[in-house]
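Here's the structure, in structure tokens; my notes come after.
Heavy-atom basis, side chains included; hydrogens, waters and symmetry copies ignored. In each ligand, atom 1 is the first atom listed, and ligand 1 is the first ligand listed. None of the values given here were measured: they were computed from a predicted structure.
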Amino acid sequence: MQIPDPTTLADLEALAVRVATECGRLITDERPTALGVHHTKSSAVDVVTIMDQRSEELASRLLHEARPQDGAYGEEGLATTGTSGVSWVVDPIDGTVNYLYELPAYAVSVAAVVGDVAVEGAWRPVAGAVVNPATGEVFSAHLGGGAHKRVGDDVVALQASPADTLAMSLVGTGFGYDADVRRAQGAVVAALLPQCRDIRRLGSAALDLCHVADGQMDAYYERGLHPWDMAAGWLVAAEAGVEVRGQGGGPAGATLTMAGAASVLDELTPLIGG
Ligand code: LIP
């Protein structure tokens, strides 16, 4: 995997921020008054709205205009190969159910990655942004550049929480859209609940990872994520000094993504079959 030079990495972060911000503005300003479900995917509760599609179309156009030689992949079908060695991974609305219900925990996630995003463990994020348009929070990072949160004109460097034991950790997680998968995931979280401070299920992996980076949660884990759910949040967390792992201690990915202090992840791993 060829890592771009630091100047290029900073430029990639700036582009990710611009694209995620403009898509966030679109899904806010142009949300129809009677927003409904356009179609469903893996199950009747895995929903897509017209704004998911419009957001991804806008991201695709802006990214291609800026860097036509890059690849791009998105949750709603965007799939173009590139020649530059950099690919973009876009979740046009992460937390679509929250967006549909107007719960203010959804985000546009845009990440630049290197490697083969189609193969778990064969890619890694190098720049990215996660924008929650409902709160105005703009989380962003590039490899080696630290992680930051912007709200309006205020910019802060992200610092993870000091929690170093599972018992004192507020742990985020999420669930799949298939009933049988959720049944098994529910059993795991039921066994975990008495062994940590508490559980939070916010509904957006991108924001969950950014909240760990920001110290608003102490740890997070989830199985079944797609690259677009977690690519940008992975980098924001890692650049904030958070340990981000996958199954068996490998790279984060669909099988398992977990984030937190190393000591907390060491305690969490056997409880979730990591
Ligand atoms: C969401 C993920 C979240 C998961 C939800 C959903 P989507 O992505 O970010 O972590 O628990 O079930 O999959 O579908 O809103 O883009």
Side-chain angles (χ1 to χ4, degrees), residues 20 23-24 26-27 31 35-57 59 73-78 88-111 117 125 128-135 137 139 170-186 188-189 192 199-213 216-217 219-237 244 246 252-260 272:
C23 291
L26 172 80
I27 68 173
R31 178 195 176 106
L35 179 70
V37 174
H38 184 270
H39 65 275
T40 60
K41 295 187 292 189
S42 63
S43 75
V45 295
D46 184 0
V47 298
V48 180
T49 73
I50 186 66
M51 298 312 293
D52 292 85
Q53 295 177 309
R54 290 190 58 200
S55 177
E56 187 162 297
E57 289 161 5
Y73 302 90
E75 179 170 17
E76 307 315 335
L78 172 62
W88 294 91
V89 175
V90 176
D91 195 330
I93 304 178
D94 187 52
T96 295
V97 173
N98 289 343
Y99 177 71
L100 184 65
Y101 279 74
E102 296 188 84
L103 288 168
Y106 51 87
V108 179
S109 179
V110 178
V117 74
V130 176
V131 172
N132 180 341
T135 63
E137 292 170 309
F139 299 92
L170 187 63
V171 180
T173 192
F175 309 118
Y177 287 115
D178 173 84
D180 291 334
V181 171
R182 294 159 72 83
R183 187 174 292 109
Q185 291 175 326
V188 171
V189 75
L192 173 60
I199 291 288
R200 292 291 183 272
R201 198 280 196 253
L202 299 184
S204 165
L207 288 179
D208 287 330
L209 286 161
C210 289
H211 289 327
V212 175
Q216 295 175 298
M217 284 198 293
Y220 163 75
Y221 77 94
E222 189 162 354
R223 292 187 182 280
L225 295 176
H226 298 285
W228 45 73
D229 294 315
M230 39 76 76
W234 168 4
L235 187 68
V236 169
V244 182
T255 304
L256 178 64
T257 293
M258 52 194 310
I272 62 172

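- Contacts between S204 and ligand 1, counted as non-hydrogen atom pairs separated by less than 4.0 Å, involve the backbone only.
- For ligand 1, the polar-atom distance check against D91 finds a nitrogen or oxygen pair separated by under 3.5 Å.
- Between V97 and ligand 1, a contact under 3.5 Å exists for no N or O pair.
- Those atoms of ligand 1 with a heavy atom of G174 less than 4.0 angstrom away are 11 (O).
- Close to ligand 1: L225, with a non-hydrogen atom less than 4.0 angstrom away.
- Which parts of ligand 1 touch E75 is read off a 4.0 Å heavy-atom cut-off, strictly below it: atoms 14 (O), 16 (O).
- Ligand 1 has no atom lying under 4.0 Å from any heavy atom of M230.
- Remark: R54 does not engage E76 in a salt bridge, criterion side-chain N to carboxylate O under 4.0 Å.
- Near F175, meaning under 4.0 Å from any of its heavy atoms, are these atoms of ligand 1: 4 (C), 5 (C), 11 (O), 12 (O).
- In this structure, N98 CG and N132 CG are separated by 9.5 Å, a value rounded to the nearest 0.5 Å.
- Although no hydrogens or angles enter the test, the distance criterion places no donor-acceptor pair under 3.5 Å between the side chain of R223 and the main chain of V181.
- No side-chain donor-acceptor contact under 3.5 Å links R201 to the backbone of G174.
- Close approach to A205 involves these atoms of ligand 1, each under 4.0 Å from a residue heavy atom: 2 (C), 3 (C), 9 (O), 10 (O).
- Of all the heavy atoms of D94, the ones lying under 4.0 Å from any atom of ligand 1 are found in both the backbone and the side chain.
- In this structure, Y99 contributes its side chain and I27 its backbone to a donor-acceptor pair below 3.5 Å.
- Short contacts between ligand 1 and G95, defined as distances under 4.0 Å to a heavy atom of the residue, involve ligand atoms 7 (P), 15 (O), 16 (O).
- Polar contact check, Y177 against ligand 1: a nitrogen or oxygen pair lies under 3.5 Å apart.
- Looking at L78, V108, I93 one by one, the single match for side chain to side chain contact (heavy atoms under 4.5 Å, CB included) with E56 turns out to be L78.
- Side-chain atoms of D94 and S109 form no donor-acceptor pair, as typed in the model, at a separation below 3.5 Å.
- Here the protein heavy atom with the shortest distance to atom 4 (C) of ligand 1 is E222 OE2, 3.2 Å.
- In summary, the atoms of ligand 1 found under 4.0 Å from a heavy atom of I93, numbered by their order in the structure, are 16 (O).
- Atom 5 (C) of ligand 1 has R201 NH2, 3.8 Å as its closest protein atom, hydrogens excluded (heavy atom only).
- A distance of 6.0 Å separates CG in L26 from OG in S55, rounded to the nearest 0.5 Å.
- Between the side chains of S43 and D46, not a single donor N or O lies within less than 3.5 Å of an accepting N or O.
- Atom CG in D229 sits 5.0 Å away from atom CG in D91 (nearest 0.5 Å).
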